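Quick notes on the structure that follows.
Just so you know, these numbers come straight off a predicted model, no measurement behind them.
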Amino acid sequence: QVELVESGGGSVQAGGSLTLSCKVSGVTPPLYCMAWYRQVPGGEREAVASLISNSGTTYYADSVKGRFTISRVNTNKDFILQMANLKREDTANYYCVTARFCLGAGISVTGGTPTWGQGTQVTVTS
């Protein structure tokens with residue numbers, strides 16, 4: 001069973017940077033999708049970025065393209081989200097997730113139940 005734990009959230013001024021980490025434990029399939037989502041209170045969970053495990057191919061939401069980078073930590077299963085030039089509208093609770101397949105900047109629900117972390121809050125102040 002896969003378990004995910006996020007860390008690295010916090011408060012940062014607009015224009016600043018922050019890196020979120022997702023520690024992955026358990027057995028993962030040879031090919032799978034790693035992704036980050038975010039959600040504001042009362043809003044829907046929004047796909048931010050995804051990465052295909054074996055190819056390293058990445059996808060980003062238009063709102064974060066050029067500012068956020070998703071990547072693996074060396075050859076580990078862990079992965080990170082580097083966020084630069086943060087804006088107030090990036091304020092949200094951020095979740096990491098793994099699933100069998102990616103779909104755009106997020107995950108596909110086909111291929112099994114995805115595994116979510118508990119979330120970490122990012123607050124961008126002006």
Side-chain angles (χ1 to χ4, degrees):
Q1 182 176 347
V2 178
E3 292 188 356
L4 308 182
V5 178
E6 299 101 336
S7 62
S11 182
V12 63
Q13 285 193 325
S17 301
L18 207 59
T19 296
L20 306 182
S21 298
C22 184
K23 183 169 180 58
V24 182
S25 60
V27 179
T28 53
L31 168 65
Y32 64 102
C33 178
M34 313 170 193
W36 287 93
Y37 277 68
R38 64 187 182 187
Q39 187 173 25
V40 299
E44 293 189 358
R45 203 165 284 192
E46 173 194 17
V48 174
S50 66
L51 184 152
I52 300 174
S53 63
N54 68 335
S55 67
T57 303
T58 57
Y59 300 92
Y60 296 92
D62 287 343
S63 58
V64 306
K65 204 171 291 184
R67 300 187 298 121
F68 289 13
T69 303
I70 184 172
S71 61
R72 299 183 77 159
V73 179
N74 298 323
T75 58
N76 293 336
K77 293 179 288 190
D78 301 343
F79 57 105
I80 62 175
L81 183 68
Q82 297 173 286
M83 304 183 293
N85 190 20
L86 282 160
K87 305 176 181 180
R88 288 191 65 185
E89 52 264 40
D90 294 319
T91 295
N93 205 10
Y94 284 71
Y95 299 86
C96 62
V97 57
T98 59
R100 190 68 177 88
F101 302 110
C102 290
L103 180 63
I107 61 169
S108 171
V109 296
T110 60
T113 303
T115 300
W116 294 87
Q118 82 287 353
T120 185
Q121 177 68 33
V122 172
T123 303
V124 183
T125 60
S126 58

Q | Approximate separation, where rounding is to 0.5 Å, of Met34 CE and Cys22 SG | A | 9.0 Å

Q. Can you check whether Gly26's main-chain N or O pairs, donor with acceptor, with Lys77's side chain at less than 3.5 Å?
A. yes

Q) Taking only residues at least two apart or on different chains, which pairs with a member in residues 90-108 satisfy side chain to side chain donor-acceptor pair (under 3.5 Å)? A) Arg38-Asp90, Arg38-Tyr94, Arg67-Asp90, Asn93-Tyr95, Ser108-Thr110

Q) Side chains of Ser53 and Arg72: does their closest heavy-atom pair fall under 4.5 Å? A) yes

Q.
In the structure I gave you, are the side-chain heavy atoms of Gln82 and Ser17 within less than 4.5 Å of one another anywhere?
A. no

Q: Kindly give the heavy-atom pair with the smallest separation between Gln121 and Ala92, and that separation in Å.
A: NE2-O, 3.4 Å

Q) Would you say Ser25 and Gln1 make side-chain contact, with heavy atoms under 4.5 Å? A) no

(Q) Tyr32: which residues meet the ring-ring contact (aromatic ring centres under 6.0 Å, His included) condition with it, sequence neighbours left out? (A) none

Q. Under 3.5 Å, is there a donor-acceptor pair between the side chain of Asp78 and the main chain of Val24?
A. yes

Q) With a 4.5 Å heavy-atom cut-off, do Leu20 and Trp36 have their side chains touching? A) yes

Q) Are the side chain of Thr120 and the backbone of Gly9 linked by a donor-acceptor contact shorter than 3.5 Å? A) yes

Q. Between Leu81 and Thr69, is any pair of side-chain heavy atoms under 4.5 Å apart?
A. no

(Q) Would the distance check show the side chain of Glu6 and the main-chain N or O of Gln118 forming a donor-acceptor pair, the cut-off being under 3.5 Å? (A) yes

Q: Working to the nearest 0.5 Å, report the span between OG1 of Thr115 and CG of Leu4.
A: 6.0 Å

Q) So, Ser50 side chain and Gly104 main chain: donor-acceptor pair closer than 3.5 Å or not? A) yes

(Q) Nearest 0.5 angstrom please: Phe68 CZ to Thr58 OG1, how far? (A) 14.0 Å

Q) Is there a path of hydrophobic side-chain contacts, each under 4.5 Å between heavy atoms of I, L, V, M, F, W or Y residues, that connects Ile80 with Met83? A) no

Q. In this structure, which one of Leu51, Ile52, Val48 forms a side-chain contact (heavy atoms from CB on, under 4.5 Å) with Tyr59?
A. Ile52

Q) Is the gap between the ring centers of Tyr37 and Trp116 under 6.0 Å? A) yes

**Q.** SG-CD1 distance between Cys96 and Ile70, expressed to the nearest 0.5 angstrom
**A.** 9.0 Å

